[in-house]
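Since the structure comes first, as structure tokens, the remarks are kept for the end.
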Number of protein chains: 2
Amino acid sequence: MTWTVVGSATGEVVIGDDRPFVVIGERINPTGRKLLAEEMKNGDFSRVERDVLAQVEAGAHMLDVNAGIPLADEPAILAKTIQLVQSLTNLPLSIDSSIVEALEAGLAVYQGKALVNSVTGEDERLERVLPLVKKYGAAVVAISNDETGISEDPDVRFAVAKLIVERALDHGIPREDVIVDPLLMPIGAMPTAGRQVFRILGRLRDELHVNSTCGASNVSFGLPNREGINGAFLAMAIASGLTSAITNPIAEGVRTAVMAADVLQGNDQDASRWIRTHRVGPPDGDVGGRRVNRRRAGPGAETGAGAGAVG
Amino acid sequence: MTWTVVGSATGEVVIGDDRPFVVIGERINPTGRKLLAEEMKNGDFSRVERDVLAQVEAGAHMLDVNAGIPLADEPAILAKTIQLVQSLTNLPLSIDSSIVEALEAGLAVYQGKALVNSVTGEDERLERVLPLVKKYGAAVVAISNDETGISEDPDVRFAVAKLIVERALDHGIPREDVIVDPLLMPIGAMPTAGRQVFRILGRLRDELHVNSTCGASNVSFGLPNREGINGAFLAMAIASGLTSAITNPIAEGVRTAVMAADVLQGNDQDASRWIRTHRVGPPDGDVGGRRVNRRRAGPGAETGAGAGAVG
């Protein structure tokens, strides 16, 4: 069993196939969020603060932090955001940028063992990012594309992942500190996207013995009821081998699917978290102290759920 | 690709890995439903009628029909129930009994190609049920236990399934007319139950090349929010290879998970069924003519679903 350990100054998270699935909150990301981008650029981090607290309350295990704002000083903003987020929570962070200087600026201020998001299979990227990962003793997300782009053949994408793991080993980064992202395309644009990813995930677990992650919300791009697609995708991907995902912990459909998948994988001991979250309590009572769970635990929760429940 | 075709006098359903998942409605079953058992025994089939119509409206592809009532004339009641159900719907039926005489009575009155539910790997059962399946040109559910009981080793259960398929072939029943049930235990009682079944399902698809089914509601026995567990289980099992299930089509969590899994397996062409069901229509409009879908298509359906949706 491969365990990836990441941490903050005082917190630690273990990612592994025999562990509860790790949800990496996706919300701190100005991509496509004009208002947030504008605010972050102007030094207003109030919305970031709210996104941190909401994701922590919703039960995220880690938070992704991205500061990709066009025409802004991304390294400086990313470093500042990371310092702010670490002052608000002890969840480990994923430092998310496509700019190497931003990754380095983030790592320089980060307290603990970070997850660097990400490196691809292109030679130039590998030679710039992997030394940073090694220098700061971080873990890294390896995205399985290379100079030739993103192959539609899952076995080619697996081969790219294998190459990145080998290159990481060459740099002194152990296998357990490489988390592979098999690259998830929108299913509405590519009907084979799901099966491709399920196949790669099985090989990552069984043959390459590495942990995995993906940007899970991408799969439902362009479709209605995205939460329904995202939740089912996560359950299916977890059964196939996925051990973490960058996704929205605030979406109830996502959270319920992940918790149920933990039960079904045998990773929620005695289903105790599931029972604590879903049992029917007194109408205004406090079940486990998490307000956000109350909506799910109403008296109608079991209606029509199973065979033979009512005459 | 293995296709199992079952039918009624005028309807047909194809089960296969490249086809939409087949939901076999579980509701017509007096087990644990005292009132229904009493009514059926006394010749009152009004509740059966309602269960037929509700499951048809909810989008079931087939219906399971069970008349297992203690101290009653099961063969006669099963035959009568089947005739009634076939007068109400043209969905193909699964004839469900552990009593061979009841299976035969059901087959004798059935119009079309039925699914016989079920045969186990015990020698005596095989030699009594398989000739009936052959005689009536039916398909059959093969449950992967035998004289030694239900093994906890998925590879032993796979071996039992393989043996049943071979015995069916000996009787002139083609491979595509055997649908294997890998036997799903309650996850609350056996934390390995999910992984065991996911593993068997993959081997059934990739090595034995047969379709599969299971009584999916069983997995959540004893847990709260059974619908949440059942929906996630089905998505995970579908990714692992499951091609049909005996479950509750009326449970919204189950229906949504199955529909989303079809999209993610690439089996809902252009996601057209998903989009038709979930798109936001006019408040009192008719989306695809199915009243039961309206609840899901409210304006809040996409809230918080994906990254970067709102500023």
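Below, chain A is the first sequence line, B the second, and so on; all start at residue 1. Just so you know, these numbers come straight off a predicted model, no measurement behind them. Note: hydrogens, waters and symmetry copies are ignored here, and every other heavy atom, side chains too, is used.
Applying the ring-ring contact (aromatic ring centres under 6.0 Å, His included) rule to A:F198 yields the partners A:F233; only residues at least two apart in sequence or on another chain are considered. Here A:D155 pairs with A:R199, A:R203 under the salt bridge (Lys or Arg N to Asp or Glu O under 4.0 Å) rule; sequence neighbours left out. Scored by the side chain to side chain contact (heavy atoms under 4.5 Å, CB included) test, B:A257 finds no partners at all (sequence neighbours excluded).
Interface remark: A:N218 contributes no atoms to any contact with chain B (heavy atom separation under 4.5 Å). For B:N267, the part lying near chain A is the side chain, with the backbone staying farther off; criterion is any non-hydrogen pair under 4.5 Å. Using a 4.5 Å cut-off between heavy atoms, A:L264 touches chain B through backbone and side chain atoms alike. When heavy atoms are compared at a cutoff of 4.5 Å, B:V258 does not approach chain A at all.
Taken to the nearest 0.5 Å, the CG atom of A:D270 stands 11.5 Å off from the CD1 atom of B:I187. Atom CG of B:L234 sits about 10.5 Å away from atom CE of A:M236, to the nearest 0.5 Å.
Residue B:A260 comes nearest to A:G228 through the heavy atom pair CB-O, 3.7 Å, listed as atom of the first residue, atom of the second, then distance.
Heavy-atom neighbours of B:E49 CD from other residues, nucleotides or ligands within 6.0 Å: above the threshold of 12.
The main-chain N or O of B:P224 is found under 3.5 Å from a side-chain atom of A:W274 such that the two form a donor-acceptor pair.
Looking only at heavy-atom pairs under 4.5 Å with chain A, the residue among B:G266, B:A235, B:A237 that has the most is B:A235.
By the 4.5 Å heavy-atom criterion applied to side chains, B:T277 and A:N225 are not counted as neighbours.
Within residues 188-197 of chain A, the residues having any heavy atom less than 4.5 Å from a heavy atom of chain B are, in residue-number order, A:P191, A:G194, A:R195.
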